[in-house]
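Scroll down for the structure; my scribbles are underneath it.
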Amino acid sequence: GREAAFSPFDLALGWGPMSDKDLLQHLSISQGGRFYRWRYSDTLPLAQSVVVRSSANMHIVPANDQVARQLRRIERGDVVTFKGKLINIEHPDGWRWRTSTHRRDTGNGAYEIVLVEELTIRSGLVKARG
């Protein structure tokens with residue numbers, strides 16, 4: 001879609017409890033159609049609201065070619081650290097793409113659009129199923 005011209009990368013990211021390798025072993029995580037989905041194979045050991053607040057589907061806008069090259073190297077399970085800012089995108093023809101500004105939302109529109117200015121990758125520290 002139109003969004004890909006600005007954000008060629010989507011990352012399903014987790015932090016805090018959603019970066020616990022013991023928890024991730026029981027999760028199935030997938031992405032498709034610019035959405036992030038998760039399923040738990042047994043009884044979820046934490047509240048669903050914690051999962052929502054501790055993970056996100058982020059549409060990444062690389063600030064430069066170096067960041068874009070680094071983004072292409074990311075693999076499932078890598079630990080990434082980045083600096084950037086949430087952005088909204090507006091086109092003169094009236095088209096708009098708005099970022100979420102909080103982590104309590106779910107479903108369509110519950111994503112962040114992030115202009116990534118710096119990125120580091122630590123490879124293969126956590127491998128999630130999915």
Side-chain angles (χ1 to χ4, degrees):
R2 204 166 179 179
E3 298 86 356
F6 301 97
S7 170
F9 304 96
D10 288 348
L11 296 177
L13 299 173
W15 53 89
M18 285 295 287
S19 65
D20 181 320
K21 66 182 177 182
D22 293 330
L23 174 69
L24 290 175
Q25 291 176 8
H26 300 282
L27 280 177
S28 175
I29 297 170
S30 63
Q31 282 182 297
R34 302 215 86 155
F35 286 91
Y36 143 68
R37 295 167 187 83
W38 62 270
R39 285 192 342 243
Y40 198 72
S41 59
D42 302 312
T43 303
L44 189 62
L46 64 162
Q48 184 172 337
S49 62
V50 174
V51 173
V52 169
R53 284 192 314 269
S54 304
S55 65
N57 187 45
M58 296 194 182
H59 304 304
I60 306 298
V61 178
N64 55 48
D65 290 340
Q66 179 183 356
V67 170
R69 281 191 300 277
Q70 288 175 288
L71 285 162
R72 284 187 204 95
R73 293 184 24 232
I74 295 174
E75 296 180 10
R76 178 184 297 271
D78 287 348
V79 175
V80 297
T81 304
F82 62 85
K83 291 183 182 179
K85 54 187 138 206
L86 294 176
I87 61 171
N88 293 313
I89 297 174
E90 297 183 9
H91 193 272
D93 68 6
W95 178 82
R96 299 183 307 185
W97 195 23
R98 301 252 182 237
T99 189
S100 171
T101 57
H102 59 87
R103 286 302 327 132
R104 296 176 307 279
D105 49 2
T106 62
N108 193 13
Y111 51 77
E112 287 71 30
I113 306 168
V114 184
L115 176 67
V116 173
E117 299 162 333
E118 296 178 31
L119 173 73
T120 58
I121 305 167
R122 292 188 296 162
S123 295
L125 296 178
V126 176
K127 295 296 181 196
R129 296 183 327 158

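Quick note: numbers below take in every heavy atom, side chains included, and nothing from hydrogens, waters or symmetry partners.
In this structure, the separation between CZ on R98 and OH on Y111 is 10.0 Å, given to the nearest 0.5 Å. With rounding to the nearest 0.5 Å, the separation of CG in L27 from CG in L44 is 7.5 Å. The CG atom of N88 sits 6.0 Å away from atom CD1 of I113, with the distance rounded to the nearest 0.5 Å. A distance of 11.5 Å separates OH of Y40 from CD1 of I29, quoted to the nearest 0.5 Å. One distance of note links NZ of K85 with CD of E117; it measures 4.5 Å at 0.5 Å rounding. Taking OG of S55 as the start and OH of Y36 as the end, the distance is 3.0 Å to the nearest 0.5 Å.
For V50 against P17, the heavy-atom pair with the smallest separation is CG1-CG, 3.6 Å. Here the closest non-hydrogen pair linking Q31 and R37 is C-NH1, 4.4 Å. The two residues G14 and S19 come nearest to each other via the heavy atoms O-CB, 4.0 Å. Closest of all the heavy-atom pairs between F6 and P8 is O-CD, 3.4 Å.
Residues D78 and R73 form no side-chain contact, since every pair of their non-hydrogen atoms from C-beta on lies 4.5 Å or further apart. At a threshold of 4.5 Å between non-hydrogen side-chain atoms, the residues R34 and E3 count as touching. L23 is listed as a side-chain neighbour of L46, based on a closest heavy-atom distance under 4.5 Å.
H59 and W97 have tilted rings, their planes meeting at an angle from 30° to 60° on a 0 to 90° scale.
Within 6.0 Å of the CG atom in D65, the count of heavy atoms belonging to other residues, nucleotides or ligands does not exceed 12. Counted within 6.0 Å of CZ on R96, heavy atoms from surrounding residues, nucleotides or ligands total 12 or fewer; the atom is thus considered open.
Hydrophobic cluster membership of M58, counting Ile, Leu, Val, Met, Phe, Trp and Tyr whose side-chain heavy atoms lie under 4.5 Å apart directly or via other members: F9, L11, L13, W15, I60, V67, L71, I74, V80, F82, L86, V114, V116, L119, I121.
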